[in-house]
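For the single chain, residues carry numbers from 1 onward in sequence order.
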Amino acid sequence: MATPAEPISPRSPRVAAARRLARRNFRTKERRFIAEGPQAVREAVAHRGEAGPTLIELFATAEAAERYADIVEAARAAGARVHHASDEVLAEVSQTVTPQGLVGVCHFLDSPFEDILKAQPRLVAVLAHVRDPGNAGTVLRCADAAGADAVVLTDASVDLYNPKSVRASVGSLFHLPVAVGVPVEQAVAGLRAAGVRILAADGAGADDLDAELDAGTMGGPTAWVFGNEAWGLPEETRALADAVVRVPIHGKAESLNLATAAAVCLYASARAQRASGGCRSVTPS
């Protein structure tokens, strides 16, 4: 039988502390952030950092605790403090209009950039000037799906732990190493020194993605640099790359949004890298 959760008052200091995490300065000070919904909380429960479990505490409504009993029990087993939360409490700690009944408080989990380099990554997404939190989280999700080894958010990009970024990643935040606050020049220099080719994704790029694939130049370690959806990458950032690559538009669309372009670029690299090493999806004839 499941252990009853601890009831908690809307006036509890723990509720107030969780509510403050909506603000970046408090997140940075406490090195904690909010993960909402069953998918994000499930991944948070499974994740462990160097200091131990990532999930610190969980607020769950009675309905959610019954529906997602496996997540709640796993959270408790991992050492998280589980609170029985009324709808009023959940409204206080949630950052969504329609909460899904589970809100977790988590430790920061970003990795030092040096550790990412030491792991000799083969595919990396660098978010150089991405200011929209939804875009940042979605690109992180695309990188995870494409099998990237890491994501780097430069100091000119949005906060990784913005609630919209966390939600848009749909749990991928907990799946791969992410470095934050790295100056773009340092990110490019470090990756290049580690043997990684730097490709800047830009709609006005001189090189065509299809041509790169046809030329067989994309099978090696690669880092894709992505910029702001509205105004792309600054010239000084494009100049840092080994090539500036555009995704070809074969139809009449004016452009692709950032997340779609990132998915196309990352999957192109993933396919080229797997093909060069023997693609497991190909069945011998």
Side-chain angles (χ1 to χ4, degrees), residues 1-111 133-134 136-138 140-141 144 158-176 178 180:
M1 183 176 177
T3 306
E6 304 173 30
I8 190 165
S9 165
R11 293 177 295 279
S12 166
R14 290 184 174 273
V15 172
R19 184 175 59 246
R20 286 196 297 269
L21 296 178
R23 297 169 59 180
R24 182 172 186 171
N25 61 328
F26 280 102
R27 291 196 297 271
T28 302
K29 178 182 177 181
E30 301 296 331
R31 289 195 57 80
R32 296 182 177 188
F33 70 101
I34 291 292
E36 293 192 49
Q39 178 63 22
V41 172
R42 189 188 305 275
E43 300 300 336
V45 169
H47 187 274
R48 290 183 64 88
E50 291 185 0
T54 296
L55 185 69
I56 301 167
E57 58 187 333
L58 176 63
F59 299 87
T61 63
E63 180 183 357
E66 182 178 353
R67 178 180 299 177
Y68 306 110
D70 59 326
I71 299 177
V72 173
E73 287 307 305
R76 186 178 285 108
R81 188 167 184 172
V82 179
H83 306 289
H84 170 70
S86 64
D87 291 340
E88 182 183 1
V89 167
L90 211 72
E92 288 288 319
V93 299
S94 174
Q95 300 301 310
T96 59
V97 176
T98 55
Q100 295 178 274
L102 295 177
V103 175
V105 176
C106 306
H107 289 294
F108 275 15
L109 42 70
D110 49 276
S111 301
T138 304
L140 199 157
R141 182 183 182 187
D144 180 22
V158 70
D159 176 22
L160 171 67
Y161 301 108
N162 182 293
K164 291 182 180 178
S165 296
V166 176
R167 288 198 300 273
S169 80
V170 196
S172 288
L173 170 64
F174 301 96
H175 293 168
L176 72 173
V178 183
V180 300

ask   = Got a sec: does the CZ of Arg19 have more than 12 other heavy atoms crowding it under 6.0 Å?
value = yes

ask   = For the residue pair Arg32 and Ile56, what are the closest heavy atoms and their distance?
value = NE-CD1, 3.3 Å

inquiry  = Do Pro10 and Val15 make a side-chain contact, defined as non-hydrogen atoms from C-beta onward lying under 4.5 Å apart?
reply    = no

note = For Asp87, the side-chain contact (heavy atoms from CB on, under 4.5 Å) test, sequence neighbours excluded, returns Thr61

request  = Taking Glu36 for its side chain and Ser94 for its backbone only, find out whether a donor-acceptor pair lies under 3.5 Å.
outcome  = no

task = May I ask you to decide if Pro133's main-chain N or O and Ser165's side chain share a donor-acceptor pair within less than 3.5 Å?
result = yes

key: Nearest-0.5 Å distance, CD of residue Glu63 to CD of residue Gln100   = 11.5 Å

ask   = Do you know which two heavy atoms are closest between Val72 and Ala65, and how far apart they sit?
value = CG2-CA, 3.9 Å

ask   = Going by the angle between their ring planes, with limits at 30° and 60°, are Phe108 and Tyr161 parallel, tilted or perpendicular?
value = parallel

task = Provide the closest heavy-atom pair for Leu140 versus Ser169 in the form atom of the first, atom of the second, distance.
result = CD2-CB, 4.4 Å

Whether Arg27 side chain and Ala22 backbone form a donor-acceptor pair below 3.5 Å = yes

message = Quick one, Asp159 with Phe33, criterion side-chain contact (heavy atoms from CB on, under 4.5 Å). Give me CA distance, side-chain angles, the key distance, then yes/no.
response = CA-CA 11 Å; Asp159 176 22; Phe33 70 101; over 6 Å; no

query = What is the minimum heavy-atom distance between Leu90 and Gly101, and which atoms define it?
reply = CD2-CA, 3.3 Å

query = To the nearest 0.5 Å, what is the distance between CG (Asn162) and CD1 (Ile34)?
reply = 12.5 Å

key: Tyr68 OH to Arg42 CZ distance, which is reported to the nearest 0.5 Å   = 8.5 Å

inquiry  = Using 0.5 Å steps for rounding, measure from the CZ atom of Arg81 to the CG atom of Leu58.
reply    = 12.5 Å

query = CZ of Arg14 to OG of Ser9: how many Å apart, nearest 0.5 Å?
reply = 13.5 Å

key: Lys/Arg cation over aromatic Phe26: Arg20, 6.0 Å, 45° cone   = yes

key: Interatomic distance, Arg31 atom CZ to Leu109 atom CG [nearest 0.5 angstrom]   = 9.0 Å

request  = Specify the closest pair of heavy atoms between Val45 and Ile71, including all atoms of both residues, with the distance to one decimal.
outcome  = CG2-O, 4.3 Å

inquiry  = For Ala40 versus Phe174, what's the shortest heavy-atom pair and its separation?
reply    = O-CE1, 3.6 Å

